[in-house]
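Have a look at the structure below, then the notes.
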Amino acid sequence: MKTLSLIVLAALLTASTAQAAAPVVTATEAWCRPAPAGALAGGCYVTLTASADDRLVTVETTAADHGEIHSMSMDGGVMRMRKLDGLPLPAGKAVALKPGGEHLMLISPKVAFKDGAKIPMVLKFQKAAPVKVEATVRMPSMPSMPGMNR
């Protein structure tokens, strides 16, 4: 009986330690680009930081038919966009999904992506719990140009 009690106690301690060390992903600076009525997709951006190595695997939303993770690159002057099956999130490193790089595409929007609208999304990860995000639709910030003041 004493041995069984020690085994149960060890199992409980192991389970509580595993729960305490569960990875967490934080999402900041979520926004979406405005899109004209009838657009086939809307682009959204967010910065993700994981407490342990993880992977963004899906994006869900009620604002569109479905969401996808994409990358954009230039190849010989031609813009190429491709759907990704996930996005690695290295521990402690902020990963910015932004225009011209990795981003979220919301396919067949059900709502207008007009300035000021709020777009709800649920980001799902390989290890961490899902994160709910509300992205504001806005125009992208303009990069500063040499010799010009903002």
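We use all heavy atoms of the structure for the numbers below, so side chains are in, but hydrogens, waters and symmetry mates are not.
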Are [X] and [Y] side-chain neighbours, meaning at least one heavy-atom pair lies under 4.5 Å?
{"X": "Met121", "Y": "Val46", "answer": "no"}
{"X": "Leu56", "Y": "Ile69", "answer": "yes"}
{"X": "Leu123", "Y": "Leu104", "answer": "yes"}
{"X": "Lys83", "Y": "Met105", "answer": "no"}
{"X": "Lys132", "Y": "Pro120", "answer": "no"}

Over all heavy atoms of both residues, which pair between [X] and [Y] is shortest? Give the atoms and the distance, please.
{"X": "Arg33", "Y": "Phe113", "result": "O-CD2, 3.8 Å"}
{"X": "Pro34", "Y": "Met139", "result": "CG-SD, 3.6 Å"}
{"X": "Ser51", "Y": "Ala22", "result": "OG-O, 4.4 Å"}
{"X": "Asp115", "Y": "Val137", "result": "OD1-O, 3.3 Å"}
{"X": "Cys32", "Y": "Ala135", "result": "SG-CB, 3.7 Å"}
{"X": "Pro90", "Y": "Pro88", "result": "CD-O, 3.7 Å"}

Spatial distance of atom CZ (Arg80) from atom CG (Asp75) [nearest 0.5 Å] =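 Those atoms lie 4.5 Å apart.
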query = Hey, what do you get for CD (Gln126) to CG (Leu87), rounding to the nearest 0.5 Å?
reply =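 These two atoms lie 11.5 Å from each other.
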ask   = Are the side chain of Thr47 and the backbone N or O of Glu29 linked by a donor-acceptor pair below 3.5 Å?
value =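 A pair under 3.5 Å: no.
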request  = Would you check if the side chain of Asp54 reaches a backbone N or O of Ala128 as a donor-acceptor pair within less than 3.5 Å?
outcome  =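 Looks like yes, one N/O pair under 3.5 Å.
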query = Between Lys118 and Thr136, is any side-chain donor less than 3.5 angstrom from a side-chain acceptor?
reply =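 Distance-only check passes for Lys118 and Thr136.
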Do [X] and [Y] belong to the same hydrophobic cluster, where Ile, Leu, Val, Met, Phe, Trp and Tyr are linked whenever their side-chain heavy atoms lie under 4.5 Å apart, directly or via other members?
{"X": "Val95", "Y": "Val25", "result": "yes"}
{"X": "Met72", "Y": "Ile107", "result": "yes"}
{"X": "Val133", "Y": "Leu84", "result": "yes"}
{"X": "Val131", "Y": "Leu106", "result": "yes"}
{"X": "Leu97", "Y": "Phe125", "result": "yes"}

